[in-house]
Amino acid sequence: MCVNTLALLKALSNETNLQILSLLRSGSFHPRELARLLQRSESDVSRRLKKLEKLGLVEGRWIRLGDRNVRIYSLKVNEVKVNFLPGEVQVGIKEAESYRLPITFEDVPKTSFFVGRHDEVEILKNAKGKVVVVYGIAGIGKTSLLARVFPEAFWYSMNGSESFEYFAWQLSLYLNSLGYRALMEYLRGGGKEEKELFELILEGIDETESVIVIDDLHKCQDETLMRMLSYLAGRLKKGTIAVASRVKPLLGIEGVIYINLSGLEPGEAYELAKKIKKRIPVDKFAKIYRITRGHPLALILLLESSGESLEEAKENIFEFLFTEIYRSLTEEEKRMLLMLSIFEEPLEYEAIKTLYGGRKTFFILHSLLRKGLVERRGSQYFIHDMLRGFLREKETFESRTYYLEYAEYLIQKNTPRDFLKAFEYILKAGATEKIRELVELRIRRFKHLPGDFPKTYRRILSQAGDNPYARGELGIIYFNTGFFQKARDILLEVEDKIEGLFKAEVVSTLADVFLVLENLEMAERYLQKTKELAEELQDPEVWLWYYMEKTKYEYYRRNLEEALKSAFKELEVAREHGRSPEDEGLVLLHIGDIYLDLEQPEEGIKYYEEGLRVAKAYGLTFIEHVTYMELSKTHYILGNYRKAVSYGNRAVEYFLRIKNYRRAVDALAYRCVSWIGLGEAERAEEDARELIRIAHSTGYPLAWAGYIFMGAAKFLKGEDGSSYVEKGRKHFQDYPWLFEAVIQELERVFEFPKELKLK
Ligand code: ADP
């Protein structure tokens, strides 16, 4: 085997590399966007890409954008074949039509030794199309059972700190790796609608026939996840959802199977006992079984203890056993155990080594592992919840320094997810003086975080009391999630308690909030404040915020020339400081919009097309398709109906696929009037029908235009369309201006009969 072959196999045995390869299958990517999707640091992703490129698996190429060159990566191969020949292993790389990467995300726990549970295994194996719930007390064997039946599932353990949105992101990556992309596209586009997310999750799980395991559901604090399970129950067809929980969750009866797990049968328990203590006398076993009633974890502990005073133990068997074993541990083992017990989640080996700080980490950890006190999952170690409880009652342990050190460790990892965890531990340690530093890190490195994980972040921040930096972040989240009044109140409250970059973010957001709330006077005042801070701080980030708000403000006031000037400044700052490509794509889109309003559609097209190049180069599919929609609209205005339809096709197909109905309706509306412009009544009718369908299911107002377009299409065919137009008008009752706008756009291509009074 040559060196390259080894390196290749090594690279392929790494989960993150496999995830990168599978993401690249859906298009070209810039390392930054990949890093965002994988929730890893950009430098880490870049390093991996370079390596994969050297191995011939991916291909990087320079693309010229404006005045810069950027490097974009795409997949070079579709298949890797390993050939075992006598005396040699050959690895061949091939292009093929389709392939499936075996990706597991969280490790499914290994169950090399497993006894009994034959009935339960049968039920679970036949649970296709169902939600199965395995419930029972701690240590009874829920996790082991699910891991045994579904070694290849998408495994997700709840630890109490996450919310639905994080689950959705992880699941989207998983489904993407199996070829189902809509969920990921939807989230990338900022989609947040619960109903749409549920629909996509259902479709994704069914289409890929996936098995999703959710472990420790009882720890889940987010009700959205419960609602998702209720939604999936009864609707799933080909996928499977398996849940482990200590308490029986109420998910209804239709499509749900409940399994109440109790102790092992005597024969099964005996097998387990023999595995631990080879020569255990039958009478001793009988005694142990009577006490433990086949509870596997209790059995394991009992066999580890000396078991001399068993009879005393009947009251609280676990605690008794644990105390006994604990007493026999070395001081080092005790410290390790106590250290692990202060963390709610499994820790990876590297973290344990850093925190424990001794050279003996590995040795001590494995001694505890053998004694059944510590468990392992992949490279992570943890104490069983039940034991952790006893330990906490028993001993007090100085946790603060460990929390702070762990937070440091997490921050080094430089991903949004680790950042959130670090934040939580810093608050647990009561180190409020560090909040300011963390918020700065969030602003500089994790811009998308308040938008991508608002619930998780909000929950963490709410533990920070009245710290003004944390309150400011809460305000930003409220703004991001559309609670403008709340955002206004909090941001006004903290404005004068913070300074510098923090204040700049708060005042620029306030400018935006007041604009949305249509308070122009205040918006202007806060715009001015932002400008003053930008001048004072000379921070490109702040300048960018200023110009972004300025563009919006001027646009809102219909000072289009001013808006355009400001938008070009935005573009300049964004390009000069290598901000996220997304910003650049968005600014170009806005410049196009402003030109359109200035009635210079040709100029608009120029910028839309430039934005399209950026979006395509960086794999920003959402922005790419918003741009198609705008191009469709612009060509409609120019009377290029064929072009309008062709751009419209791409936008409609995409937005329907990712269930972003608001955008889909915009695109459908322009395609529909373009068909009318072309005199193709049948096609127009089809689009009108689709609009009407969406209007009825979502209530999104513009979709009612479907009735009016339908009316126009009927007239076009020489039929009487007035009843449709009337229906449309009725639905638009509460939105007279929208009705006007629809008629106005339509009148570019169609003249209603005089007797139909529209105004
Ligand atoms: P739970 O998820 O219900 O808390 P676990 O699955 O973590 O319980 O099981 C607790 C311990 O018992 C684990 O160490 C596991 O290895 C062992 N165990 C449970 N069920 C079995 C089984 N059927 N065969 C062998 N060992 C088991």
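For the numbers below, each heavy atom of this structure counts, side chains included, while hydrogens, waters and symmetry mates do not. Note that ligands are numbered from 1 as they come in the structure, with each ligand's atoms numbered from 1 the same way.
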Where the side chain of Glu165 meets the backbone of Lys455, is there a donor-acceptor pair that is under 3.5 Å apart? yes
Strictly below 4.0 Å, N to O, side chains only: are Glu199 and Lys195 in salt-bridge contact? yes
Verify the neighbour count for atom CZ of Phe363: are there more than 12 heavy atoms of other residues, nucleotides or ligands below 6.0 Å? no
Close side-chain approach of Arg246 and Lys142, heavy atoms under 4.5 Å: yes
Answer with yes or no after comparing the ring centroid distance for Phe164 and Phe198 against a 6.0 Å cut-off, counting only values under it. yes
Note: ligand 1 atoms sitting under 4.0 Å from heavy atoms of Phe113 are 25 (C)
Does Ile300 reach ligand 1 with a nitrogen or oxygen that is under 3.5 Å from one of the ligand's nitrogen or oxygen atoms? no
What residue and heavy atom of the protein are closest to atom 11 (C) of ligand 1, and at what distance? Leu297 CD1, 4.1 Å
Once the angle between the rings of Tyr425 and Tyr406 is folded into 0 to 90°, is it parallel (under 30°), tilted (30 to 60°) or perpendicular (over 60°)? perpendicular
Heavy-atom nearest neighbour in the protein, as seen from atom 7 (O) of ligand 1, with distance rounded to 0.1 Å: His384 NE2, 3.6 Å
Report yes or no: does a heavy atom of Gly139 sit under 4.0 Å from some atom of ligand 1? yes
Options Ala298, Ser144, Ala269, Gly294, ranked by nearest heavy atom to atom 21 (C) of ligand 1, top entry: Ser144
When distances are taken from atom 23 (N) of ligand 1, the protein heavy atom at minimum range is Val115 O, 2.8 Å
What protein heavy atom is closest to atom 26 (N) of ligand 1, reported as residue, atom name and distance in Å? Leu272 CD1, 3.8 Å
Could you find the nearest protein heavy atom to atom 2 (O) of ligand 1 and give me its residue, atom name and distance? Thr143 OG1, 2.6 Å
Which residue in the set Tyr403, Tyr409, Tyr381, Tyr402 passes ring-ring contact (aromatic ring centres under 6.0 Å, His included) when paired with Phe343? Tyr403
Going by an N to O cut-off under 4.0 Å, is there a salt bridge joining Glu203 and Lys659? yes
Going by the closest heavy atom to atom 12 (O) of ligand 1, which one wins out of Pro296, Gly141, Gly263? Pro296
What do you reckon, does Arg117 have a nitrogen or oxygen under 3.5 Å from a nitrogen or oxygen of ligand 1? no
